[in-house]
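Contents: one structure, followed by commentary.
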Amino acid sequence: MKYLICFFLTAPLFAQTLVLESGSGTYQVKHLIKKVQGESKELKGKMSCAEKECEFLVAAPTRSFVSSDSNRDSNMQMTVEAAKYPLVTARGKFPKEDLARNKFDLPLEVEFHGVKKLYQAQVEQVKANQYRVQFTLGLTAHQIERPSLFGVSIDDEVPMLFETSWGVD
């Protein structure tokens with residue numbers, strides 16, 4: 001019995017669960033004659049940190065990414081088949097010690113349009129438990145046919161920026 005009580009008292013020291021309290025994800029699509037930016041503020045996520053490693057999952061509804069033009073957003077949702085693939089997810093694992101660093105690289109598995117792809121993201125700590133995550137998503141890597149305007153397709157590379165604030169569950 002003494003060992004069982006000791007385990008319950010020390011377990012929180014080795015494992016911690018964090019929840020995404022607030023966050024936003026921004027994308028930027030580039031075309032020869034214009035740039036478009038869209039954003040989602042409907043991110044949900046959870047992170048579990050054990051003694052030496054943290055594992056996380058962040059998800060956003062595909063339809064929640066909006067720009068300043070509802071017609072363009074509607075076309076984007078049809079292009080990425082938002083009804084068929086309603087969620088965009090990002091998950092990964094990293095050494096727990098990285099949470100104490102100002103900047104670190106993060107292997108990030110993104111599932112978008114039903115395709116999983118591994119990216120290398122750059123993470124910057126903004127404040128305690130607040131992080132900025134950047135990477136560049138490839139549309140063709142996720143089997144998305146790039147829309148065109150005047151016969152010219154948008155760029156394949158889509159810069160992504162996520163700003164997250166984590167709290168104890």
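Around CD of Gln130, the count of heavy atoms belonging to other residues, nucleotides or ligands within 6.0 Å exceeds 12. Counted within 6.0 Å of CD on Gln143, heavy atoms from surrounding residues, nucleotides or ligands total 12 or fewer; the atom is thus considered open. Within 6.0 Å of CD on Gln120 lie more than 12 heavy atoms contributed by other residues, nucleotides or ligands.
Put simply, CG on Leu87 and NZ on Lys44 are 12.0 Å apart, with the number rounded to the nearest 0.5 Å. Rounding to the nearest 0.5 angstrom, the gap separating the OG1 atom in Thr136 from the CG atom in Leu161 is 11.0 Å. Residue Ile144 holds its CD1 atom at 9.5 Å from CE of Met76, rounded to the nearest 0.5 Å. In this structure, the separation between CZ on Phe150 and CD1 on Ile33 is 5.0 Å, given to the nearest 0.5 Å. Interatomic distance, CZ of Arg63 versus CD of Gln77, reported as 5.0 Å (0.5 Å rounding). Atom NZ in Lys96 sits 6.0 Å away from atom SG in Cys49 (nearest 0.5 Å).
Using a 30° and 60° split on the angle between ring planes, Phe65 and Phe162 fall in the perpendicular class, above 60°.
No side-chain donor-acceptor contact under 3.5 Å links His113 to the backbone of Tyr85. The closest donor-acceptor contact from the side chain of Tyr27 to the backbone of Ser40 lies at 3.5 Å or more, if one exists at all. Formation of a donor-acceptor pair under 3.5 Å by the Asp156 side chain with backbone atoms of Leu139 is found in this model. Without hydrogens or angle criteria, Ser74 side chain to Ser70 main chain gives no donor-acceptor distance under 3.5 Å. Between the side chain of Tyr119 and the backbone N or O of Gly138 there is at least one donor-acceptor pair closer than 3.5 Å. With Arg132 contributing its side chain and Glu124 its backbone, the two residues share no donor-acceptor pair below 3.5 Å.
Here the side chains of Lys30 and Pro159 are in contact, with some heavy-atom distance below 4.5 Å. Annotation: side chain of Trp166 is not in contact with side chain of Val19 (no heavy-atom distance under 4.5 Å). Two residues are said to be in side-chain contact when any heavy atoms from C-beta on lie closer than 4.5 Å; Glu39 and Thr26 meet this criterion. Here the side chains of Leu20 and Val58 are in contact, with some heavy-atom distance below 4.5 Å.
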Quiz item: Can you check side-chain contact (heavy atoms from CB on, under 4.5 Å) on Leu106 and Phe56, steps first, answer last?
Solution: CA-CA 11 Å; Leu106 172 70; Phe56 69 92; 3.8 Å; yes
Quiz prompt | Verdict with supporting geometry, Asp105 and Phe94, side-chain contact (heavy atoms from CB on, under 4.5 Å) | solution = CA-CA 9 Å; Asp105 290 335; Phe94 60 93; over 6 Å; no
Exercise. Kindly indicate, with the supporting measurements, whether the criterion side-chain contact (heavy atoms from CB on, under 4.5 Å) is fulfilled by Leu57 and Arg91.
Key: CA-CA 4 Å; Leu57 171 65; Arg91 67 179 70 224; 3.6 Å; yes
Exercise. List the steps, then state whether side-chain contact (heavy atoms from CB on, under 4.5 Å) holds for Val168 with Leu18.
Key: CA-CA 5 Å; Val168 179; Leu18 302 171; 4.0 Å; yes
